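Working notes, structure below.
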Amino acid sequence: MQISSVKLRTSTFPSSEFLNQRCSIKAQSFSLPSFQNAQQSVNHSLSSSFKPLYISSTESFALVSKTQKRVTECKAYEADKSRPLKINIELPDQQAASQRFKIGIYFATWWALNVVFNIYNKKVLNVFPYPWLTSTLSLATGSLMMLISWATRIAEAPKTDLDFWKTLFPVAVAHTIGHVAATVSMAKVAVSFTHIIKSSEPAFSVLVSRFLLGESFPLSVYLSLFPIIGGCALAAITELNFNMIGFMGAMISNLAFVFRNIFSKKGMKGKSVSGMNYYACLSMLSLLILIPFAIAVEGPKVWAAGWNTALAQIGPNFVWWVAAQSIFYHLYNQVSYMSLDQISPLTFSIGNTMKRISVIVSSIIIFHTPVQPVNALGAAIAILGTFLYSQGKH
């Protein structure tokens with residue numbers, strides 16, 4: 001019986017790379033003498049219809065530089081045949097490209113949904129200035145959508161216990177405060193101004209983490225706070241339609257969302273709930289927290305009068321605006337939580353910064369918001385600081 005020979009070149013093939021790289025395999029055979037009785041002498045139990053392949057030699061079994069095509073040549077022959085056997089197997093590395101495409105879809109969907117929500121939310125608040133009810137409707141719509149999805153098995157319902165809801169409660173409290181405060185801000189000032197102030201959230205995150213949790217950060221993170229704070233201050237001073245309630249609403253929203261993120265990280269370690277279902281549970285619990293406060297602050301009588309006024313002013317389109325802002329609020333948050341399952345915190349932070357830019361620019365264009373050059377400069381500095389923060393932190 002012929003003894004197969006294998007020749008390996010390993011000069012450029014360390015073991016660590018072998019575990020992390022894929023190779024394209026290109027197998028070619030050459031005419032070799034046939035073995036007529038070799039199969040019977042090795043194993044009489046094998047049927048003659050099964051013909052094993054014998055490796056005769058391999059060449060170029062090495063990883064080359066990334067700019068070159070990685071090819072491994074195997075010479076083989078089929079037992080009991082002298083005719084050449086031609087095999088060409090290509091294993092293209094498509095996983096990285098597929099992942100990049102998937103992340104791009106997440107980001108594009110996230111930004112688009114967020115822009116649409118902000119536009120319809122501002123339209124509603126312009127004619128129906130009741131942010132507590134508007135916030136309640138957003139959470140109620142999202143909760144209803146997820147309950148229907150679970151009931152119809154479009155989405156798999158999460159498996160939760162009492163401990164899950166206990167750890168979720170402080171997250172829901174912070175989420176409720178942040179959501180209502182941001183909506184109050186949007187009712188009082190321009191969408192662009194709200195998001196410029198909300199771009200200072202990293203500054204709140206660093207301060208809370210440093211002084212309350214004792215965490216330390218690289219020097220680059222602390223330095224990035226100067227353009228964030230300075231840019232927001234410059235934008236606030238030069239804002240033509242400045243309103244203190246709107247400004248404070250955006251600042252309170254920043255602080256609340258920082259605590260939401262902290263509680264979420266601390267409480268959800270080891271939990272196996274997907275991003276989509278996690279946000280659904282968060283919405284439901286926040287809704288239960290918000291309803292009694294919304295009734296106490298505004299109340300059904302005020303809502304009924306305001307609703308009739310808005311219908312008389314806008315017509316049936318007002319109902320569509322309310323439905324759209326409620327639906328898109330849930331969808332954009334759901335996509336953002338789903339994206340956290342797929343991307344790193346750094347990528348998410350950069351995506352969040354770019355989202356703010358898209359919202360600010362689109363709202364200025366759609367609502368014809370007057371912007372002074374100095375105001376625009378302050379916004380640009382603040383957003384640049386946010387980007388530097390995300391780079392320095394991670």
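This is a predicted model, so every value here is computed, not measured. When a residue number appears, it is its place in the shown sequence, counting from 1.
In this structure, the side chain of Asn243 does not engage the main chain of Lys188 through any donor-acceptor pair within 3.5 Å. No donor-acceptor pair closer than 3.5 Å links the side chain of Thr369 to the backbone N or O of Ile365. A donor-acceptor pair is defined here as one N or O able to donate and one able to accept, closer than 3.5 Å; such a pair exists between the side chain of Ser358 and the backbone of Lys355. For the pair Ser200 (side chain) and Ile196 (backbone), a donor-acceptor distance under 3.5 Å is absent. Of the possible donor and acceptor atoms, none in the side chain of Ser205 sits under 3.5 Å from a partner among the backbone N and O of Glu201. Checked by atom type and distance alone, the side chain of Asn114 never pairs as donor or acceptor with a backbone atom of Trp110 at under 3.5 Å. In terms of modelled atom types and a separation under 3.5 Å, the side chain of Ser185 and the main chain of Gly246 share a donor-acceptor contact. Side chain of Ser209 to backbone of Val206: no donor-acceptor contact under 3.5 angstrom is found. Side chain of Ser286 to backbone of Leu282: a donor-acceptor contact under 3.5 angstrom is found. Using modelled atom types, no side-chain atom of Glu215 and backbone atom of Arg210 make a donor-acceptor pair closer than 3.5 Å.
If you take CE on Met146 and CD1 on Ile154, they are separated by 9.5 Å, rounding to the nearest 0.5 Å. Here Ile327 contributes atom CD1 and Thr141 contributes atom OG1; the two are 6.5 Å apart, rounded to the nearest 0.5 Å. The CG atom of Leu287 sits 7.0 Å away from atom OG1 of Thr136, with the distance rounded to the nearest 0.5 Å. Considering CD1 of Ile291 and OG of Ser135, their distance stands at 12.5 Å, rounded to 0.5 Å. Rounding to the nearest 0.5 Å gives a distance of 9.0 Å between CG of Leu139 and CG of Asn333.
Remark: the His179 side chain and the Tyr329 side chain contain an N/O donor-acceptor pair separated by less than 3.5 Å. Checking Asn121 against Trp321 by side-chain atom types alone, no donor-acceptor pair falls below 3.5 Å. Neither side chain, Ser192 nor Ser363, offers a donor N or O lying under 3.5 Å from an acceptor on the other. Side chains of Thr134 and Thr183: a donor-acceptor N/O pair is absent below 3.5 angstrom, by distance only.
Residue Phe293 qualifies as open at atom CZ: its count of foreign heavy atoms under 6.0 Å is 12 or below. Under a cut-off of 6.0 angstrom, the local environment of CD in Glu156 is sparse, with at most 12 non-hydrogen atoms contributed by other residues, nucleotides or ligands.
Using a 4.5 Å heavy-atom cutoff, the side chains of Tyr332 and Val335 are not in contact.
Between Thr167 and Val171, the shortest heavy-atom distance links the atoms O-CG2, 3.7 Å. A pairwise comparison of heavy atoms in Pro158 and Cys281 identifies CG-SG, 4.0 Å as the closest pair. Minimum heavy-atom separation, Ser199 to Ile228: O-CG2, 4.0 Å.
Here Phe107 and Trp111 bring their ring centres to under 6.0 angstrom of each other. Checked against the 6.0 Å centroid threshold, His330 and Tyr279 count as a close aromatic pair. Ring centroids of Phe318 and Trp307 are separated by less than 6.0 Å, placing the two rings close together.
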* Asked: What's the verdict on side-chain contact (heavy atoms from CB on, under 4.5 Å) for Met145 and Leu331, showing C-alpha distance, side-chain angles and the deciding distance?
  -> CA-CA 10 Å; Met145 290 169 60; Leu331 291 178; 3.8 Å; yes
